[in-house]
> 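The following block contains the structure, expressed as C-alpha coordinates.
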Amino acid sequence: MIDPFGRHITYLRVSVTDRCDFRCVYCMAEDMTFLPKAEVLSLEELDRLCTAFVGLGVRKLRITGGEPLVRKNVVSLFENLGRHLGAGALDELTLTTNGSQLPRFAKRLAEIGVRRVNVSLDTLDKDKFRAITRWGDLDKVLAGIDAAREAGLGVKINTVALKGVNEDEFDRLIEWCGERGCDLTLIETMPLGDITGDRTDQYLPLSVVRARLERRWTLTDSEHRTGGPARYVRVGETGRYLGFITPLTHNFCESCNRVRLTCTGTLYMCLGQEDAADLRAPLRESDDDAVLVAAIREAISRKPKGHDFIIDRRNERPALARHMSVTGG
Ligand code: SAM
(Lines give C-alpha, C1' and ligand atoms only; values in the text may rest on other atoms or scores of the structure.)
Protein backbone atom coordinates (compact mmCIF):
# COMPACT_ATOMS: atom_id res chain seq x y z
CA MET A 1 0.00 0.00 0.00
CA ILE A 2 1.47 3.33 -1.07
CA ASP A 3 -0.25 6.59 -0.19
CA PRO A 4 -0.51 9.70 -2.40
CA PHE A 5 2.77 11.02 -0.96
CA GLY A 6 4.74 7.88 -1.79
CA ARG A 7 4.80 6.57 1.78
CA HIS A 8 4.58 2.79 2.20
CA ILE A 9 1.97 1.84 4.77
CA THR A 10 3.48 -1.04 6.71
CA TYR A 11 2.35 -0.40 10.28
CA LEU A 12 -1.16 -0.89 11.66
CA ARG A 13 -2.13 0.07 15.18
CA VAL A 14 -5.31 -1.56 16.39
CA SER A 15 -7.34 -0.45 19.35
CA VAL A 16 -9.20 -3.54 20.57
CA THR A 17 -11.27 -1.79 23.23
CA ASP A 18 -12.03 1.76 24.33
CA ARG A 19 -12.20 0.62 27.97
CA CYS A 20 -9.39 1.00 30.45
CA ASP A 21 -8.77 0.20 34.09
CA PHE A 22 -7.08 3.60 34.53
CA ARG A 23 -8.36 7.12 33.93
CA CYS A 24 -5.18 9.09 33.18
CA VAL A 25 -6.01 12.76 33.59
CA TYR A 26 -4.54 13.86 30.24
CA CYS A 27 -6.22 11.00 28.37
CA MET A 28 -9.76 10.49 29.66
CA ALA A 29 -12.43 12.26 31.60
CA GLU A 30 -13.26 10.51 34.87
CA ASP A 31 -16.84 9.75 33.83
CA MET A 32 -16.20 8.35 30.37
CA THR A 33 -19.09 6.80 28.47
CA PHE A 34 -17.84 3.67 26.76
CA LEU A 35 -19.16 2.07 23.60
CA PRO A 36 -21.98 -0.44 23.84
CA LYS A 37 -20.56 -3.93 23.28
CA ALA A 38 -22.65 -4.42 20.12
CA GLU A 39 -20.72 -1.69 18.33
CA VAL A 40 -17.36 -3.22 19.04
CA LEU A 41 -15.87 -5.68 16.55
CA SER A 42 -15.62 -9.28 17.72
CA LEU A 43 -12.16 -10.75 18.13
CA GLU A 44 -12.79 -12.84 15.01
CA GLU A 45 -13.64 -9.69 13.04
CA LEU A 46 -10.53 -7.94 14.34
CA ASP A 47 -8.45 -10.93 13.26
CA ARG A 48 -10.00 -10.85 9.80
CA LEU A 49 -9.36 -7.12 9.43
CA CYS A 50 -5.74 -7.38 10.63
CA THR A 51 -5.19 -10.33 8.32
CA ALA A 52 -6.47 -8.31 5.35
CA PHE A 53 -3.96 -5.57 6.20
CA VAL A 54 -1.16 -8.13 6.49
CA GLY A 55 -2.16 -9.42 3.07
CA LEU A 56 -1.80 -5.86 1.76
CA GLY A 57 1.72 -5.43 3.09
CA VAL A 58 1.48 -4.46 6.76
CA ARG A 59 4.59 -5.85 8.52
CA LYS A 60 4.01 -4.55 12.03
CA LEU A 61 0.89 -4.81 14.18
CA ARG A 62 0.54 -3.00 17.47
CA ILE A 63 -2.41 -3.91 19.67
CA THR A 64 -3.53 -1.04 21.88
CA GLY A 65 -6.65 0.47 23.44
CA GLY A 66 -8.07 1.62 25.87
CA GLU A 67 -6.21 -1.01 27.78
CA PRO A 68 -5.86 -3.95 25.39
CA LEU A 69 -5.31 -6.52 28.15
CA VAL A 70 -8.67 -5.80 29.82
CA ARG A 71 -10.53 -7.03 26.72
CA LYS A 72 -11.99 -10.46 27.46
CA ASN A 73 -10.13 -13.32 25.69
CA VAL A 74 -7.75 -10.88 24.00
CA VAL A 75 -5.05 -13.55 24.19
CA SER A 76 -6.94 -15.55 21.58
CA LEU A 77 -6.53 -12.62 19.17
CA PHE A 78 -2.77 -12.62 19.81
CA GLU A 79 -2.71 -16.40 19.33
CA ASN A 80 -4.46 -16.11 15.99
CA LEU A 81 -2.38 -13.20 14.74
CA GLY A 82 0.76 -15.05 15.81
CA ARG A 83 0.30 -17.31 12.79
CA HIS A 84 1.43 -14.47 10.53
CA LEU A 85 4.74 -14.28 12.40
CA GLY A 86 5.24 -18.00 11.90
CA ALA A 87 4.42 -17.66 8.20
CA GLY A 88 6.89 -14.79 7.75
CA ALA A 89 4.12 -12.42 6.64
CA LEU A 90 4.57 -10.21 9.69
CA ASP A 91 7.80 -8.91 11.25
CA GLU A 92 6.37 -7.83 14.56
CA LEU A 93 3.33 -8.32 16.75
CA THR A 94 3.43 -6.07 19.77
CA LEU A 95 1.30 -4.09 22.19
CA THR A 96 1.08 -0.89 24.17
CA THR A 97 -0.21 -1.44 27.69
CA ASN A 98 -0.43 0.25 31.05
CA GLY A 99 1.19 -2.89 32.49
CA SER A 100 -1.45 -3.65 35.11
CA GLN A 101 -2.40 -7.00 33.56
CA LEU A 102 1.10 -8.12 32.52
CA PRO A 103 1.61 -10.35 35.56
CA ARG A 104 -1.21 -12.52 34.12
CA PHE A 105 -0.31 -12.34 30.44
CA ALA A 106 3.41 -11.70 29.89
CA LYS A 107 4.48 -15.33 29.70
CA ARG A 108 1.77 -16.34 27.25
CA LEU A 109 2.43 -13.32 25.04
CA ALA A 110 6.11 -14.24 24.83
CA GLU A 111 5.18 -17.82 23.90
CA ILE A 112 2.97 -16.53 21.09
CA GLY A 113 5.86 -14.58 19.58
CA VAL A 114 5.55 -11.10 21.05
CA ARG A 115 9.12 -9.84 21.55
CA ARG A 116 8.66 -6.35 22.97
CA VAL A 117 6.02 -4.39 24.84
CA ASN A 118 5.60 -0.69 25.41
CA VAL A 119 4.52 0.08 28.94
CA SER A 120 3.16 3.51 29.78
CA LEU A 121 4.55 4.81 33.06
CA ASP A 122 4.62 8.51 33.88
CA THR A 123 6.04 8.44 37.41
CA LEU A 124 7.76 6.19 39.95
CA ASP A 125 6.04 7.93 42.83
CA LYS A 126 3.08 5.97 44.23
CA ASP A 127 0.96 8.98 45.18
CA LYS A 128 1.68 10.83 41.97
CA PHE A 129 0.87 7.67 40.03
CA ARG A 130 -2.49 7.48 41.73
CA ALA A 131 -3.12 11.17 41.02
CA ILE A 132 -2.25 10.85 37.30
CA THR A 133 -4.10 7.57 36.66
CA ARG A 134 -6.91 8.34 39.13
CA TRP A 135 -7.43 4.60 39.73
CA GLY A 136 -4.05 2.95 39.16
CA ASP A 137 -1.78 1.05 41.55
CA LEU A 138 1.93 1.58 40.84
CA ASP A 139 2.97 -1.70 42.49
CA LYS A 140 0.83 -3.71 40.06
CA VAL A 141 2.43 -1.97 37.10
CA LEU A 142 5.94 -2.52 38.44
CA ALA A 143 5.09 -6.21 38.98
CA GLY A 144 3.86 -6.27 35.37
CA ILE A 145 7.13 -4.83 34.10
CA ASP A 146 9.06 -7.44 36.12
CA ALA A 147 6.85 -10.20 34.73
CA ALA A 148 7.49 -9.01 31.17
CA ARG A 149 11.25 -8.95 31.71
CA GLU A 150 11.18 -12.40 33.33
CA ALA A 151 9.26 -13.69 30.31
CA GLY A 152 12.08 -12.40 28.10
CA LEU A 153 10.12 -9.51 26.60
CA GLY A 154 11.92 -6.29 25.76
CA VAL A 155 10.26 -3.44 27.65
CA LYS A 156 10.16 0.14 26.46
CA ILE A 157 8.76 2.66 28.90
CA ASN A 158 6.61 5.47 27.49
CA THR A 159 6.33 8.58 29.63
CA VAL A 160 4.14 11.56 28.84
CA ALA A 161 5.99 14.73 29.83
CA LEU A 162 3.71 16.77 32.07
CA LYS A 163 4.67 20.25 33.17
CA GLY A 164 4.82 20.59 36.94
CA VAL A 165 3.86 16.93 37.42
CA ASN A 166 6.72 14.62 36.44
CA GLU A 167 9.31 16.96 34.96
CA ASP A 168 11.48 16.53 38.07
CA GLU A 169 11.56 12.75 37.55
CA PHE A 170 13.15 12.27 34.15
CA ASP A 171 16.66 11.82 35.58
CA ARG A 172 15.35 9.16 37.94
CA LEU A 173 13.42 7.45 35.12
CA ILE A 174 16.51 7.36 32.88
CA GLU A 175 18.48 5.83 35.75
CA TRP A 176 15.71 3.36 36.62
CA CYS A 177 15.35 2.24 32.99
CA GLY A 178 19.14 1.90 32.71
CA GLU A 179 19.19 -0.40 35.75
CA ARG A 180 16.53 -2.61 34.16
CA GLY A 181 17.84 -2.62 30.61
CA CYS A 182 14.77 -0.76 29.30
CA ASP A 183 14.66 2.03 26.75
CA LEU A 184 12.58 5.11 27.55
CA THR A 185 10.53 7.38 25.31
CA LEU A 186 9.25 10.77 26.36
CA ILE A 187 6.04 11.99 24.71
CA GLU A 188 4.62 15.48 24.44
CA THR A 189 0.97 15.81 25.42
CA MET A 190 -1.30 16.03 22.42
CA PRO A 191 -4.56 17.99 22.36
CA LEU A 192 -6.93 15.06 21.91
CA GLY A 193 -10.35 14.74 23.51
CA ASP A 194 -12.17 16.69 26.17
CA ILE A 195 -10.61 16.15 29.56
CA THR A 196 -11.14 17.92 32.83
CA GLY A 197 -8.56 20.71 33.14
CA ASP A 198 -6.40 22.83 30.90
CA ARG A 199 -3.93 21.24 28.51
CA THR A 200 -1.83 24.34 28.09
CA ASP A 201 -0.97 23.87 31.78
CA GLN A 202 0.36 20.36 31.07
CA TYR A 203 2.28 21.00 27.88
CA LEU A 204 6.04 20.74 28.22
CA PRO A 205 8.11 21.02 25.02
CA LEU A 206 10.64 18.22 24.80
CA SER A 207 13.21 20.59 23.30
CA VAL A 208 13.33 22.16 26.78
CA VAL A 209 13.51 18.74 28.46
CA ARG A 210 16.37 17.60 26.24
CA ALA A 211 18.39 20.74 26.95
CA ARG A 212 17.94 20.13 30.68
CA LEU A 213 18.86 16.46 30.44
CA GLU A 214 22.03 17.30 28.55
CA ARG A 215 23.41 18.98 31.65
CA ARG A 216 23.54 15.62 33.39
CA TRP A 217 23.65 12.94 30.66
CA THR A 218 25.75 12.38 27.58
CA LEU A 219 23.15 12.19 24.79
CA THR A 220 24.30 11.21 21.32
CA ASP A 221 21.93 11.39 18.34
CA SER A 222 21.19 7.97 16.94
CA GLU A 223 19.76 6.52 13.75
CA HIS A 224 17.98 3.86 15.85
CA ARG A 225 14.32 3.44 14.75
CA THR A 226 11.53 1.26 16.05
CA GLY A 227 9.10 1.83 13.18
CA GLY A 228 7.30 4.62 15.02
CA PRO A 229 7.65 8.39 15.25
CA ALA A 230 10.26 8.53 18.05
CA ARG A 231 13.69 10.03 17.39
CA TYR A 232 16.34 8.47 19.60
CA VAL A 233 19.52 9.43 21.37
CA ARG A 234 21.88 7.05 23.13
CA VAL A 235 22.45 7.78 26.84
CA GLY A 236 26.21 7.34 27.33
CA GLU A 237 25.99 6.59 31.07
CA THR A 238 23.37 3.83 30.79
CA GLY A 239 23.93 2.57 27.26
CA ARG A 240 20.15 2.67 26.67
CA TYR A 241 18.13 4.57 24.07
CA LEU A 242 16.08 7.60 24.99
CA GLY A 243 13.34 8.51 22.52
CA PHE A 244 11.48 11.76 21.98
CA ILE A 245 8.03 11.93 20.40
CA THR A 246 7.40 15.56 19.57
CA PRO A 247 4.24 16.08 17.54
CA LEU A 248 3.96 19.70 18.64
CA THR A 249 7.54 20.94 18.41
CA HIS A 250 8.46 18.87 15.37
CA ASN A 251 6.18 17.44 12.73
CA PHE A 252 6.99 13.78 12.21
CA CYS A 253 4.60 13.21 9.33
CA GLU A 254 6.95 13.03 6.36
CA SER A 255 8.01 9.48 7.22
CA CYS A 256 4.61 8.32 8.53
CA ASN A 257 4.07 4.65 7.68
CA ARG A 258 1.04 3.95 9.87
CA VAL A 259 -2.71 3.94 10.06
CA ARG A 260 -4.96 3.33 13.05
CA LEU A 261 -7.97 1.10 13.43
CA THR A 262 -10.48 1.59 16.23
CA CYS A 263 -12.35 -1.22 17.94
CA THR A 264 -15.46 -0.33 15.91
CA GLY A 265 -13.61 -0.79 12.62
CA THR A 266 -13.03 2.88 11.84
CA LEU A 267 -9.72 3.52 10.12
CA TYR A 268 -7.95 6.80 10.88
CA MET A 269 -5.32 7.56 8.30
CA CYS A 270 -3.77 10.21 10.59
CA LEU A 271 -3.73 10.55 14.38
CA GLY A 272 -4.17 14.30 14.03
CA GLN A 273 -7.01 14.52 11.48
CA GLU A 274 -10.73 13.73 11.64
CA ASP A 275 -11.01 12.02 8.25
CA ALA A 276 -11.69 8.30 8.65
CA ALA A 277 -13.03 5.30 6.75
CA ASP A 278 -15.58 2.84 8.02
CA LEU A 279 -14.32 -0.70 7.48
CA ARG A 280 -16.97 -2.42 9.59
CA ALA A 281 -19.67 -2.18 6.91
CA PRO A 282 -17.53 -3.69 4.13
CA LEU A 283 -16.25 -6.29 6.58
CA ARG A 284 -19.78 -7.38 7.45
CA GLU A 285 -21.15 -7.02 3.94
CA SER A 286 -19.50 -10.14 2.59
CA ASP A 287 -17.38 -13.10 3.67
CA ASP A 288 -15.24 -12.48 0.64
CA ASP A 289 -12.48 -9.96 1.43
CA ALA A 290 -12.66 -8.23 -1.96
CA VAL A 291 -15.04 -5.48 -0.76
CA LEU A 292 -12.98 -4.95 2.39
CA VAL A 293 -9.69 -4.77 0.49
CA ALA A 294 -11.17 -2.21 -1.90
CA ALA A 295 -12.32 -0.10 1.06
CA ILE A 296 -8.85 -0.26 2.64
CA ARG A 297 -7.18 0.77 -0.61
CA GLU A 298 -9.61 3.67 -1.04
CA ALA A 299 -8.87 4.83 2.53
CA ILE A 300 -5.11 4.74 1.98
CA SER A 301 -5.55 6.89 -1.12
CA ARG A 302 -6.96 9.57 1.25
CA LYS A 303 -4.10 9.53 3.76
CA PRO A 304 -3.33 13.20 4.40
CA LYS A 305 0.13 14.71 4.22
CA GLY A 306 0.23 15.47 7.92
CA HIS A 307 -1.39 16.88 11.00
CA ASP A 308 -1.44 20.30 12.51
CA PHE A 309 -1.79 20.00 16.26
CA ILE A 310 -1.92 23.20 18.17
CA ILE A 311 -2.62 23.73 21.83
CA ASP A 312 -5.25 26.38 21.52
CA ARG A 313 -5.34 28.60 24.58
CA ARG A 314 -7.93 31.04 23.22
CA ASN A 315 -10.59 28.55 22.24
CA GLU A 316 -9.91 26.19 25.13
CA ARG A 317 -10.89 23.30 22.92
CA PRO A 318 -8.94 20.18 22.08
CA ALA A 319 -7.57 20.12 18.52
CA LEU A 320 -9.59 16.95 18.02
CA ALA A 321 -12.70 15.84 19.83
CA ARG A 322 -11.84 12.16 20.08
CA HIS A 323 -9.84 10.82 23.01
CA MET A 324 -6.52 9.04 22.62
CA SER A 325 -8.24 5.93 24.00
CA VAL A 326 -10.20 5.70 20.73
CA THR A 327 -7.14 5.28 18.53
CA GLY A 328 -4.67 4.12 21.18
CA GLY A 329 -2.01 6.72 20.50
N1 SAM B 1 -3.72 1.58 27.90
C2 SAM B 1 -2.52 1.51 27.09
C3 SAM B 1 -1.43 2.33 27.74
O4 SAM B 1 -1.61 2.84 28.83
O5 SAM B 1 -0.36 2.40 27.14
C6 SAM B 1 -2.69 1.87 25.64
C7 SAM B 1 -3.52 3.05 25.26
S8 SAM B 1 -2.92 4.63 25.80
C9 SAM B 1 -4.14 5.70 25.10
C10 SAM B 1 -1.50 4.84 24.76
C11 SAM B 1 -0.53 5.95 25.13
O12 SAM B 1 -1.13 7.20 24.83
C13 SAM B 1 -0.13 6.01 26.59
O14 SAM B 1 1.28 6.04 26.67
C15 SAM B 1 -0.70 7.32 27.06
O16 SAM B 1 0.10 7.89 28.06
C17 SAM B 1 -0.68 8.13 25.79
N18 SAM B 1 -1.61 9.26 25.78
C19 SAM B 1 -2.91 9.30 26.07
N20 SAM B 1 -3.44 10.53 25.91
C21 SAM B 1 -2.43 11.31 25.47
C22 SAM B 1 -2.31 12.68 25.10
N23 SAM B 1 -3.36 13.50 25.13
N24 SAM B 1 -1.10 13.12 24.69
C25 SAM B 1 -0.03 12.30 24.64
N26 SAM B 1 -0.06 10.99 24.96
C27 SAM B 1 -1.24 10.51 25.38
Side-chain angles (χ1 to χ4, degrees), residues 13-29 32 34 61-71 74 94-102 105 109 116-123 128-129 132-138 140-141 144-145 148 155-163 165-166 173 182-206 209 226 228-230 243-249 252 258 260-263 268 271-272 307 309-312 317-329:
R13 305 176 59 114
V14 186
S15 173
V16 295
T17 177
D18 62 331
R19 289 164 198 259
C20 187
D21 50 345
F22 293 177
R23 289 287 180 282
C24 296
V25 290
Y26 52 79
C27 184
M28 289 190 182
M32 292 287 287
F34 292 113
L61 277 178
R62 178 176 297 280
I63 306 300
T64 175
E67 172 47 41
L69 297 180
V70 302
R71 169 111 194 219
V74 73
T94 185
L95 68 152
T96 298
T97 172
N98 65 28
S100 68
Q101 310 299 314
L102 280 175
F105 293 120
L109 291 171
R116 307 185 292 170
V117 289
N118 286 359
V119 180
S120 303
L121 177 64
D122 298 332
T123 175
K128 229 188 259 183
F129 187 84
I132 293 173
T133 61
R134 291 195 182 106
W135 298 358
D137 176 353
L138 177 64
K140 263 198 188 169
V141 171
I145 292 170
V155 176
K156 182 162 78 71
I157 302 295
N158 282 341
T159 302
V160 177
L162 298 162
K163 190 157 89 186
V165 178
N166 62 0
L173 275 161
C182 302
D183 295 332
L184 170 68
T185 294
L186 300 175
I187 306 172
E188 280 175 356
T189 52
M190 298 172 223
L192 296 182
D194 264 322
I195 52 162
T196 334
D198 180 355
R199 282 186 198 279
T200 52
D201 288 347
Q202 303 174 338
Y203 175 60
L204 175 62
L206 290 184
V209 173
T226 51
F244 297 92
I245 298 185
T246 58
L248 274 80
T249 52
F252 49 50
R258 42 199 176 277
R260 296 172 160 83
L261 186 69
T262 72
C263 60
Y268 284 94
L271 177 63
H307 60 63
F309 286 129
I310 42 161
I311 296 233
D312 188 340
R317 272 190 282 109
L320 290 176
R322 68 175 189 273
H323 289 94
M324 189 71 106
S325 51
V326 175
T327 44

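Values reported hereafter were calculated over all heavy atoms of this structure, with side chains retained and with hydrogens, waters and symmetry mates removed. In each ligand, atom 1 is the first atom listed, and ligand 1 is the first ligand listed.
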> Does Gly65 have a heavy atom less than 4.0 Å from any atom of ligand 1?
yes
> Taking Arg23 for the side chain and Arg134 for the main chain, is one N or O donor matched with an acceptor at less than 3.5 Å?
no
> Would you kindly specify which portion of Asn98 sits under 4.0 Å from ligand 1, judged on non-hydrogen atoms: side chain, backbone, both or neither?
both
> Quick check on contacts: which atoms of ligand 1 are under 4.0 angstrom from a heavy atom of Val160?
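Taking each heavy atom of Val160 in turn, ligand 1 has 16 (O), 26 (N) under 4.0 Å.
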> Hey, does Gly66 sit under 4.0 Å from ligand 1 if you only count heavy atoms?
yes
> Ignoring hydrogens and geometry, is there a side-chain-to-backbone donor-acceptor pair from Arg71 to Gly65 under 3.5 Å?
no
> Looking at residues at least two apart in the chain, or sitting in another chain, which of them share a ring-ring contact (aromatic ring centres under 6.0 Å, His included) with Tyr268?
none
> Going by atom types alone, do Glu67 and Thr17 pair a side-chain donor with an acceptor below 3.5 Å?
no
> So, regarding Thr64 and ligand 1 (criterion: nitrogen or oxygen to nitrogen or oxygen, under 3.5 Å), is there a contact or not?
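In this structure, Thr64 places no N or O atom under 3.5 Å from an N or O of ligand 1.
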> Could a heavy atom of Glu188 be found less than 4.0 Å from some atom of ligand 1?
yes
> Does any N or O in the side chain of Thr133 come within less than 3.5 Å of the main-chain N or O of Cys24, such that one atom is a donor and the other an acceptor?
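Checking the backbone N and O of Cys24 against the side chain of Thr133, no donor-acceptor pair under 3.5 Å is found.
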> If we ignore hydrogens and angles and just use 3.5 Å, is the side chain of Asp122 paired with the main-chain N or O of Val160 as donor and acceptor?
yes
> Find all atoms of ligand 1 within a distance of less than 4.0 Å from any non-hydrogen atom belonging to Thr189, and give their numbers and elements.
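It comes down to these atoms of ligand 1: 24 (N), 25 (C).
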> Taking side chain as C-beta onward, heavy atoms only, is Ile132 less than 4.5 Å from Phe22?
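No. Closest side-chain heavy atoms not under 4.5 Å.
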> Out of Cys27, Ser120, Gly99, whose heavy atom is nearest to atom 3 (C) of ligand 1?
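Selected option, by shortest heavy-atom distance: Ser120.
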> Examine Ile187 against ligand 1 and note whether any of their N/O atoms are separated by less than 3.5 Å.
no
> Please indicate whether any nitrogen or oxygen in Glu67 is less than 3.5 Å from any nitrogen or oxygen in ligand 1.
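Yes, at least one N or O pair falls under 3.5 Å.
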> Given that the side chain starts at C-beta and the backbone is N, CA, C, O, which of these parts of Val119 lies under 4.0 Å from ligand 1, counting heavy atoms, or is it both or neither?
neither
> Under a 3.5 Å distance rule, please check whether Thr94 uses its side chain to pair with a backbone N or O of Arg116 as donor and acceptor.
yes
